[in-house]
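Take a look at the structure set out below.
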Amino acid sequence: MVAALGLTGCAKEAGQESGGAKPEKVDGVSADLMADADVTVDTSKYKKDGPYTIAALTQGPFNGWGLTWDETVKYEASQNPDVGELLLLPSMGDADGQITSMENLVTQKPDAIMLNPQGRAALSASVSRAMAAGIPVIVCGNNVEGKKYVTYNDVDLYAVGYQAAAKLAERLGGKGNVILMHGIAGVDAAEAWKQAAEDAFAKYPDITIVGSEYANWSVATGKEKATALMAANPQIDGIWSGGSEMATGAMLAFDEAGKPQPAYGVDNPTNGFLRLAQEYGVEFDAFPDPPGTVAKACLETTLKVLKGEPVKKYEAIPAEGFNETNLDEHYVPELSDDFVGPLVLPMEAYIAAGLKRK
Amino acid sequence: MTLTLAERVARTRLGPPSSWLRRNGAVVFVYLLVVVLYAVAASISPAFGRPENLAEILRQSIALGVVTIGQVYVLLGGGIDMSVGMTARVVGLGVAVTMGATTIPPILVIVLGLAVGAAIGLLNGVLITRIGATPFIVTLGMLGVLSGVALAITDGPTDVVPDFFFTMYDAAIGPVPIAVLVFLLIWAAAWFVLNRTTYGRNVYAVGGSADVARLSAINVHRTRTLTYVISGVCAAAAGIFLLSRSGVGDPGLGQGLEFSSIVAAAIGGISLYGGRGSIVGAFGAVLLVTMSSNIFDFLHVNGYFQQLVLGAIVLVGVSVYRTRGRQ
Amino acid sequence: MTLSTAVDRSAAHRPPLAVQVVDWLSRYSAISTTVLLLIVAAIVTPTFYDETNLRTVAVQTSALGIVVLGQMVVLLVRGIDMSVSAVVAVTGVIATSAAGGGANIAISLAAAVGLALMVGLVNGLLITWRKVPPFIATFIMFIVVSGALLAYTKAQTSGSAPAWLRRVGSGSIAGVPLPTIIWIAMGLLLFGVLTRTIWGRYVYSVGANPEASRHAGVPVFAVTMSAYVLCALCALVGGLMYSGYSGYIDQNLGNNVNLNSIAAAIIGGVAFSGGRGGVLGAAVGALLLTVLTNMVVVAGLEIYWQLIAQGLVLIFAVAINGLRDRWIRDTA
Amino acid sequence: MTLASPVSTESGSTEPLLELRNVSKAFGGVQALDRVNFTVLPGEIHALVGENGAGKSTLVKILAGAYVPDSGEVIVSGESHATLTPQRARAAGIAVVHQEFNLLSELTVAENVFLGMLPKGRLGAVSPEKAARLTTAILARLGSDLDPRRYVLQLSVVEQQLVEIAKALAGNARCIVMDEPSTVLSPEELKVLYAVLHRLRDEGRSIVYISHRLSEVFALSDRVTVFKDGRFVSSDNTVEMTEDELIRRMVGRPISELFPERVPSIGEPVLEVRNLTVPGKLFDVSVTVRRGEIVGLAGLGGSGRTTLARAVVGLEDVAAGQILLEGTRVPRSPGPCARAGVVMVPEDRKAHGIVAGRSVAANLSLPSLRRFSRAGVLSFKREQSMAARLIAQFGVRPASTRVSIHNLSGGNQQKVVLAKWFDTSPKAVVLDEPTRGVDVGAKSEIYAIIEDLSARGVGVLLASSDLTELLGVCDRIVVLREGRVAAELNRSDASEESILRAAVASGTSDEPEIAPQAPQSRTEKQ
């Protein structure tokens with residue numbers, strides 16, 4: 001812990017471009033990202049004639065989020081005449097494997113790499129190395145330390161976590177007991193969201209964080225931990241969940257204990273969360289980390305880069321929050337619980353990918 | 001002399017001592033698999049067959065390769081080390097954080113990191129030999145403890161490491177990265193120690209039968225403990241190398257290295273019961289595993305099937321030959 | 001002279017107090033640690049004894065405990081099963097396929113049982129016939145089965161558990177959760193089978209000395225195979241309890257079951273080298289692990305302290321067992 | 001190299017090379033050694049005899065540095081040691097050849113010989129080549145041209161024994177302790193060993209030779225010491241000792257008859273081995289055992305005795321031929337074989353005979369659990385009563401059903417191994433070295449059991465390397481040589497000479513003639 005504190009201390013060295021600086025957060029947004037949103041990158045040196053060979057390094061279809069991402073990229077690439085060949089390299093969640101894939105791509109020399117990094121730290125040097133080899137790297141869906149890429153396309157993950165927490169705090173009238181539930185300790189999204197939620201709740205002095213647990217983005221573990229936290233704290237007014245799986249588990253726990261459902265603030269709501277939220281009629285605020293939207297935008301940016309059109313260093317993708325009142329606009333009953341909205345492709349494309357509700 | 005009689009009987013019964021192929025079947029098979037896989041992949045994807053890719057495969061195999069060296073020592077000595085992945089993580093993150101927070105020269109930090117690895121190994125070794133606790137569980141417990149320690153060090157990306165580390169990874173002589181050359185040297189040294197020093201031969205003896213080794217005046221505890229120390233140092237080295245690979249300390253560093261190193265050793269013909277197997281085979285197995293994932297990228301194997309295919313390769317690797325079990 | 005010998009002898013009969021303490025601790029290490037934990041809980045975090053929480057602990061213990069029963073039998077025959085996680089994950093697929101309207105419960109259950117049987121049989125065959133070390137054979141099975149599952153389901157397994165499974169997983173009789181009743185029933189049955197039947201004798205005998213057992217006419221092949229099949233079936237039942245209790249099937253079902261089931265059995269005094277251990281120890285091991293996991297949450301420990309505490313308990317348990325073994329060996 | 005140099009013997013010096021003074025060792029209240037004195041002079045072969053439980057093995061382990069004595073001292077060349085570690089024992093010049101070989105089967109001969117002290121070559125690296133050269137030299141001194149690069153798992157038993165002795169010599173041991181070396185050797189191989197031991201003695205080294213076989217005590221040793229119940233009884237020059245007196249001191253009573261009176265009543269064939277071939281081990285072997293008949297199976301180590309015994313109950317992969325029990329083919333694994341009525345008692349008791357860690361009762365009932373159970377559920381009561389009955393019947397000591405079998409002495413373990421089959425009512429029994437490592441008293445009991453079996457009409461096939469035993473017990477002896485039947489001798493035709501001739505004779509004419517010089521015929525048989 002001392003070491004971690006020391007880090008944040010020395011993180012704010014003068015804004016040299018060579019990385020090492022932690023993303024700075026101001027009032028629910030990442031200040032440095034917002035600054036990058038104003039920086040225009042000249043891409044003329046990447047300009048080429050199509051059709052292009054584009055490599056897409058993805059998380060891999062081991063869950064609904066990854067599947068939705070992959071299917072979006074595949075579909076959009078197949079519809080776009082500028083894309084000659086799509087090299088889809090799923091890392092199946094393995095950061096080290098993804099570094100390997102990056103190295104292999106430097107040998108294979110595609111026209112551009114769109115990277116959904118499996119580790120903000122892990123992929124840092126790989127991005128530099130690919131860029132040094134003359135391959136433009138477009139980072140999407142998770143940032144990479146050092147900013148050596150051409151452009152970063154994403155929702156502001158910090159803002160997603162922050163707003164979910166802030167909305168929850170407001171719904172509770174700025175006071176009450178909340179518990180926080182996180183994904184896997186040490187994984188970027190989990191830690192970014194955790195930090196954001198803690199920052200947000202700190203703004204509300206009458207809100208007490210009575211529990212903060214990691215539950216590995218697992219519904220079952222979420223239910224276990226929620227039950228244990230319920231035991232430790234008789235009064236829970238709100239649950240903030242960095243990823244909706246733990247919130248789903250918590251809903252089941254409260255339902256089973258016969259206790260009234262608290263209010264929820266969640267990041268990245270899955271179709272399954274929405275289904276149960278509807279069934280239990282819970283109050284919630286959800287902020288998406290939408291794989292389809294990000295993937296689609298990312299492919300478009302990649303093509304822009306290859307055509308030499310200017311792009312922003314950070315291409316912000318808006319993440320509109322929603323709540324129980326407009327749940328129907330986001331819940332897709334035709335598709336399985338693992339689907340993560342919103343719908344970007346025609347319904348048939350999802351069904352062909354196996355996302356149909358069984 | 002009548003002695004020749006007994007000898008004659010033995011000879012007719014057992015045939016000539018040249019059962020080299022039988023003893024080294026696993027090793028030969030692994031390299032055969034490597035060659036076949038390489039040839040098939042190269043014929044499908046010309047880019048795969050380029051020499052720079054071969055160097056790349058070697059570089060990609062360094063982390064697993066170095067960890068596997070330590071694992072081989074431990075396995076040959078009759079133990080198992082489940083804590084290597086987390087040792088790599090703790091050391092990698094520790095080095096990264098220390099580099100960011102202090103001005104100690106990189107070399108010194110690296111030496112310090114290796115020392116921490118050695119200390120973790122020593123602790124494993126002492127618990128196992130002096131107290132007589134089951135190696136699998138002791139090192140599994142150590143895995144748990146170290147994963148906690150790693151999170152206590154940092155739960156997010158660390159600072160970018162100094163250029164020294166990038167040089168460590170990127171420097172090359174022509175197409176051959178220096179890291180690969182060092183890696184090959186380390187393997188040669190590991191082979192040398194195992195086969196050409198008293199200590200190495202004692203490792204085999206201790207793993208073959210601790211009782212026999214003890215009665216032959218070999219210090220069993222010390223020999224065994226040292227295998228864990230070697231394993232700890234190797235894991236630490238791998239952690240530092242992985243750090244130089246990513247450039248920023250990653251809290252997920254070293255994930256799963258314990259399983260992949262054990263599997264690699266087993267495919268390479270190292271007996272999980274100790275005392276038998278060649279480190280040459282383990283090296284081949286490391287190449288096999290690394291090459292498989294390299295091939296996935298060049299042949300664009302669907303994500304759904306990667307795990308299945310890798311599992312199948314490993315399955316073929318260990319099951320075509322019958323490993324002799326413990327007597 | 002005679003006198004001193006007499007003194008020596010009586011001293012030899014009674015080991016030093018420290019050794020006796022270690023012996024007692026190890027024999028009852030799991031139970032005493034659990035009791036200690038429960039007392040600590042009562043003082044530090046009395047809310048541990050909240051009814052809902054106790055229920056959760058009971059169900060969690062039961063689900064893990066059922067898997068541990070199978071793992072224990074495999075350990076008894078000198079094996080280890082690293083594929084139970086994959087089998088637990090299989091239940092997710094079965095449960096969702098049964099949840100969607102129309103699919104027949106019986107058919108999907110039969111499919112699940114069939115798959116578990118297959119996993120157990122292949123494990124057993126790799127180990128008995130191909131002589132692949134159990135750790136490697138079952139770990140490969142884990143990779144292959146979870147890989148095949150992924151290829152088959154395309155990562156689409158999530159959804160509410162079917163109603164019947166939820167009833168099993170969260171129902172109770174006279175206040176006792178159904179999974180716990182199932183666990184205790186299975187445990188008692190296995191206890192009886194291990195101590196009172198031919199098969200049980202064979203299991204211990206094969207674990208203690210497979211070769212001598214073979215010479216004595218024990219069908220070692222069949223016993224080993226049956227152990228792995230039983231383990232896979234236990235994992236299946238345990239998985240059903242997990243998903244039934246959660247009420248929801250998720251991608252990560254059974255993630256930690258491999259190592260937890262082994263750890264629980266070892267903590268409970270099942271010998272890693274085969275032939276020694278029993279149902280009671282394995283049950284207490286499962287209880288200890290679950291209580292520990294729950295307590296660190298109730299107590300609000302930081303995540304790294306949680307991990308460190310769990311690791312230390314594991315090391316403590318085997319260290320105590322190791323000391324006892326050493327003492328027995330030194331005085332035998 | 002000092003290895004080749006004989007030990008310098010100070011002329012006229014009678015200072016003991018090795019002396020134990022008042023050494024005691026207890027295990028959990030059992031006094032294994034009780035204030036024992038034992039002296040070995042330079043350049044002598046000193047036999048140490050005693051029944052099982054006399055404390056011989058404990059003494060060996062103390063000399064090896066494996067056990068720490070509770071009290072007393074060990075003096076080697078005038079230097080006193082309260083405790084010996086393996087390192088100190090080696091440094092003091094003591095080498096122990098254990099009953100169970102301390103060899104690593106996965107290493108080569110040379111590596112085993114130099115285990116823990118491999119010679120260094122250039123650059124300080126250990127040199128397998130140098131080790132092989134030195135090993136060749138040592139083996140040559142022992143009269144062997146064994147290839148030092150072979151792996152121990154490829155070696156025959158006698159070759160392994162040679163490696164053990166070479167190992168002792170490589171450490172330049174002045175005192176070599178051999179714990180029952182003869183149990184694993186055929187008579188022919190024993191003579192090789194004797195020659196080696198004499199040569200070592202002539203170099204000035206001392207040999208402590210532990211044996212159950214009195215014949216070899218007289219054939220080999222210069223002095224003989226008797227232990228009984230953990231106590232020293234006597235030390236004498238062997239020439240001044242008689243066999244009867246030695247037995248009396250060992251057991252406290254004279255054994256009038258080792259072998260029981262035998263009036264065989266032989267009936268129909270019960271076990272028939274027809275044209276059996278096990279690849280690489282047995283070729284076209286046929287043996288018939290009749291009801292009530294005891295058929296001996298002789299042959300040198302590696303001749304196929306054990307393979308044949310194992311093959312009968314399905315433990316070997318049979319390529320051709322049949323094994324018939326009362327005309328029907330026997331099943332291919334031990335369990336079904338036992339139910340069909342043919343059982344085998346294996347040669348390696350520790351590895352194949354007993355299930356260590358389990359109780360005596362569990363060991364006794366293991367093959368016949370079905371008889372104590374209904375629908376797979378056991379009846380403890382019936383099991384316990386059966387176990388108690390067998391324990392009484394076979395004189396297993398201690399007479400407890402619940403004690404763990406590994407706490408029993410070798411002879412009692414062997415009785416349990418025999419007894420567990422007795423209650424399955426077999427029609428044919430195959431015994432492989434049933435009296436290996438068993439003391440005289442237990443031996444005689446085991447012979448009585450075998451005799452009793454045959455009296456009940458059971459066909460017995462007895463594989464043994466002990467010719468005295470074969471001649472004393474068997475009605476007929478089949479001699480194997482290199483996996484083939486070399487001879488079949490009736491009781492009247494059989495002698496140690498005829499058996500040996502058949503066992504070693506070869507089709508090739510350049511085979512050296514083996515003088516059938518059996519151990520002195522001071523056998524226990526009257």
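Atoms considered below: every heavy atom in the structure, side chains included; atoms not considered: hydrogens, waters and symmetry mates. Order of the sequence lines fixes the chain letters, A, B, ..., with proteins taken first and strands second; residue numbering starts at 1 for each chain. Just so we're clear, the structure is a prediction, and the values are computed from it rather than from any experiment.
Of the inter-residue distances, the one linking C/Glu302 atom CD with B/Asp155 atom CG reads 9.5 Å to the nearest 0.5 angstrom. Atoms CZ and CD1, on C/Phe135 and B/Ile262 in that order, are 4.0 Å from each other to the nearest 0.5 Å. Atom CG of residue C/Leu307 and atom CG of residue B/Leu146 lie 10.5 Å apart, to the nearest 0.5 angstrom. Remark: B/Met82 CE to C/Leu259 CG distance equals 5.5 Å, nearest 0.5 Å.
Residues B/Tyr273 and C/Pro134 approach most closely at OH-CD, 3.4 Å, considering heavy atoms. Across all their heavy atoms, B/Gln307 and C/Leu150 have their closest contact at OE1-CD2, 4.4 Å. Across all non-hydrogen atoms, the minimal contact from C/Ile303 to B/Leu151 is CG1-CD1, 3.8 Å. The shortest non-hydrogen separation linking B/Leu308 to C/Val144 is CD1-O, 3.3 Å. Nearest heavy atoms, C/Ile140 versus B/Gly311: CG2-O, 3.9 Å.
Only the side chain of C/Leu126 has a heavy atom closer than 4.5 Å to any heavy atom of chain B. For chain C, the nearby parts of B/Val149 are the backbone and the side chain; heavy atoms of each come within less than 4.5 Å. For B/Leu140, the parts lying near chain C are the backbone and the side chain together; criterion is any non-hydrogen pair under 4.5 Å. When heavy atoms are compared at a cutoff of 4.5 Å, C/Met141 does not approach chain B at all.
Taking the six-membered ring where the residue is Trp, C/Phe139 and B/Phe259 present parallel rings, their angle staying beneath 30° rather than reaching 60°.
Comparing C/Ala263, C/Ser146, C/Ala137 by how many heavy-atom pairs each has under 4.5 Å with chain B, the most go to C/Ser146. Between chain B and the options C/Pro210, C/Ala271, C/Gly147, the largest number of non-hydrogen pairs under 4.5 Å is found for C/Gly147. Your options are C/Ile136, C/Leu149, C/Ile267, C/Ile80, and the one with the most heavy-atom pairs under 4.5 Å with chain B is C/Ile136.
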For this session: Decide yes or no on side-chain contact (heavy atoms from CB on, under 4.5 Å) for C/Ile266 and B/Phe136, but give the supporting numbers first.
Result: CA-CA 10 Å; C/Ile266 302 290; B/Phe136 182 81; over 6 Å; no
